[in-house]
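First up is the structure itself, then whatever we jot down about it.
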There are 2 protein chains.
Amino acid sequence: MGENTGIVLTEAVYYILLSLTKPLHGYGIMQKIEEMTDGRLIVSAGTLYGAINTLLDRGWIVQHATAEDSRRKEYVITDEGRTVVAKELERLRELVANGEAIL
Amino acid sequence: MGENTGIVLTEAVYYILLSLTKPLHGYGIMQKIEEMTDGRLIVSAGTLYGAINTLLDRGWIVQHATAEDSRRKEYVITDEGRTVVAKELERLRELVANGEAIL
DNA sequence: CGTCGTTATATCGGCTTCCGATACAAAAGT
DNA sequence: ACTTTTGTATCGGAAGCCGATATAACGACG
């Protein structure tokens, strides 16, 4: 009977998905996250490339047609990915609301 | 140079700490969390008792002087625990703000 | 032209955490 | 008497994070 319906995103995955509303390559994602969080979160390479693979497997991001530039591989979020982030945002709002109600 | 200063709480730990602003025993924590989240989060026994032990080790909760009632063991949050939850709430607010800015 | 820092992707191993399953047992309800 | 609820606890598998490590192309500077 353990329901626990929704998916819970980790901080890294959440920010990676947010970064990919515009096409971006791996290294660019790292920089964007650092910028978005004013340097508070620096996603390590191990986390990033591992997460990219699982996100591709789940269809939450896809490889973006890169300008045959070689080295860089660009990715973008999918519609499914957008739905997942939106739901995660809802969950986060609930966490904040519950925290504010008590503290 | 990977800083990543702050502590990140898992959903389970966050809610356990919120539950313990008033003394409560393990089973009561499970029920309170279920109630707080309208049944969306049901913390399993494995998660709960594992988390209680690590929280005790870290000094974020302490065992509360139970009325020698036997079976039940009550716990409460410590000042350190309160500080941790407060910081987590800040982090969650940042996640929400960043999500809202993009979606 | 050589060297150094940055950009860039990728894998591995260790650690922590979550959670379902399982076990045990007292209390309460029917 | 029996069943459900209350209550605590452990185990093992799976997932995720991250530091370390490896590899290599690119640009800048002397």
Side-chain angles (χ1 to χ4, degrees), chain A residues 1-17 19-20 23-35 37 40-58 60-61 63-64 66-75 84 88 91 95, chain B residues 1-17 19-20 23-35 37 40-58 60-61 63-64 66-75 84 88 91 95:
Chain A
M1 272 85 184
E3 281 289 307
N4 295 11
T5 338
I7 298 154
V8 175
L9 301 189
T10 61
E11 191 174 37
V13 167
Y14 178 72
Y15 273 115
I16 291 169
L17 288 175
S19 301
L20 292 177
L24 202 53
H25 57 102
Y27 199 76
I29 294 171
M30 291 194 222
Q31 294 172 316
K32 182 145 193 185
I33 292 176
E34 192 178 347
E35 175 211 312
T37 61
R40 275 184 289 277
L41 178 65
I42 295 170
V43 176
S44 75
T47 306
L48 182 75
Y49 292 102
I52 284 175
N53 282 327
T54 61
L55 292 176
L56 285 171
D57 287 346
R58 289 177 189 170
W60 297 354
I61 64 172
Q63 212 161 336
H64 184 250
T66 315
E68 40 99 356
D69 159 73
S70 69
R71 286 174 82 203
R72 295 181 173 184
K73 288 187 193 171
E74 294 201 327
Y75 307 93
V84 171
E88 175 68 4
R91 187 185 71 90
L95 290 185
Chain B
M1 268 86 181
E3 281 289 308
N4 295 12
T5 336
I7 298 153
V8 176
L9 300 190
T10 61
E11 191 176 35
V13 167
Y14 178 72
Y15 274 114
I16 290 169
L17 288 176
S19 301
L20 292 177
L24 203 54
H25 58 101
Y27 198 76
I29 295 171
M30 292 193 221
Q31 294 172 316
K32 182 143 191 184
I33 293 176
E34 192 178 347
E35 174 210 314
T37 61
R40 275 184 288 278
L41 178 64
I42 295 170
V43 177
S44 74
T47 306
L48 181 75
Y49 292 103
I52 284 175
N53 283 327
T54 61
L55 291 176
L56 285 171
D57 287 346
R58 288 176 191 172
W60 297 354
I61 64 172
Q63 212 160 338
H64 183 252
T66 315
E68 38 102 354
D69 158 75
S70 70
R71 288 173 80 205
R72 293 183 174 181
K73 288 188 193 169
E74 294 201 328
Y75 306 92
V84 171
E88 175 67 4
R91 187 185 73 89
L95 290 184

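We name chains A, B, ... by the order of the sequence lines, and we start the count at 1 in each one. None of the values given here were measured: they were computed from a predicted structure.
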| task | Report the distance from atom CD1 of Ile7(B) to atom P of dC17(D), rounded to the nearest whole Å. | result | 17 Å
| Taking for each residue the nucleotide of DNA chain C with the nearest heavy atom, is it Tyr75(A) or Glu11(B) whose nucleotide lies nearer the 5' end? | Tyr75(A)
| Separation of Thr54(B) OG1 from Ile61(B) CD1 (nearest 0.5 Å) | 8.0 Å
| Rounded interatomic separation in angstrom, taking CG from Leu48(B) and C1' from dC19(C) | 12 Å
| note | The answer to which of Gln31(A) and Val8(A) contacts DNA chain C further toward the 5' end, by nearest nucleotide, is Gln31(A)
| message | Closest approach to the side chain of Ser44(A), judged atom by atom: which nucleotide of dC18(D), dA8(C), dT16(C) is it? | response | dC18(D)
| task | Flag the pair Lys73(B) / His25(B) as yes when at least one side-chain heavy-atom distance between them is below 4.5 Å, and no otherwise. | result | no
| Out of dT9(C), dT16(C), dG7(D), whichever nucleotide has its closest atom nearest the side chain of Tyr49(B) | dG7(D)
| said: Quick check for you: among dC18(D), dT10(D), dA15(D), whose closest atom lies nearest to any side-chain atom of Thr47(A)? | reply: dC18(D)
| query | Starting at the 5' end of DNA chain D and moving along, which residue's nearest nucleotide shows up first, Leu9(A) or Tyr27(B)? | reply | Tyr27(B)
| said: Tell me the interatomic distance from Ile33(A), atom CD1, to dC17(D), atom C1', rounded to whole angstroms. | reply: 13 Å
| said: From CD1 of Ile52(B) over to P of dC19(C), roughly how many Å is that when rounded to an integer? | reply: 15 Å
| request: Would you mind classifying the nucleic acid contact of Gly46(B) as base, sugar-phosphate or nothing, using non-hydrogen atoms under 4.0 angstrom? | output: base
| said: I'd like to check Leu17(B) versus Trp60(B) (side-chain heavy atoms, cut-off strictly below 4.5 Å). Are they in contact? | reply: yes
| task | Round to the nearest Å and state the distance from Lys73(B) atom NZ to dA26(C) atom P. | result | 15 Å
| remark: Atom CD1 of Ile16(A) and atom P of dC18(D) are separated, to the nearest Å, by 10 Å
| query | Charged N to carboxylate O below 4.0 Å: is that the case for Arg91(A) and Glu88(A)? | reply | yes
| field | Touch class at under 4.0 angstrom, heavy-atom based, for Ala51(B) against every strand present | value | nothing
| request: Between dA20(D), dG7(D), dC18(D), spot the one nearest the side chain of Ala45(A), thanks. | output: dA20(D)
| query | Can you list the steps and then say if Thr37(B) with Tyr15(B) is a side-chain contact (heavy atoms from CB on, under 4.5 Å)? | reply | CA-CA 9 Å; Thr37(B) 61; Tyr15(B) 274 114; 3.5 Å; yes
| message | Side chain of Arg72(A) only, heavy atoms from C-beta on: which candidate in dA9(D), dT7(C), dA10(C) is closest? | response | dT7(C)
| note | Closest of dC19(C), dG16(D), dG7(D) to the Thr54(A) side chain is dG16(D)
| message | Can you see if the side chain of Thr10(A) gets near the phosphate of dG16(D) - specifically, an N or O under 4.0 Å from OP1 or OP2? | response | no
| message | Distance check needed: dT6(D) P versus Ile42(B) CD1, whole Å only. | response | 13 Å
| task | Mind calculating the distance between CG (Leu56(A)) and P (dT9(C)) to the nearest angstrom? | result | 13 Å
| task | Grab the two heavy atoms, one from Tyr49(B) and one from Tyr27(B), that are nearest each other, plus how far apart they are. | result | OH-N, 4.0 Å
| query | What nucleotide, of dA10(C), dG19(D), dT8(D), holds the atom closest to the side chain of Met30(B)? | reply | dT8(D)
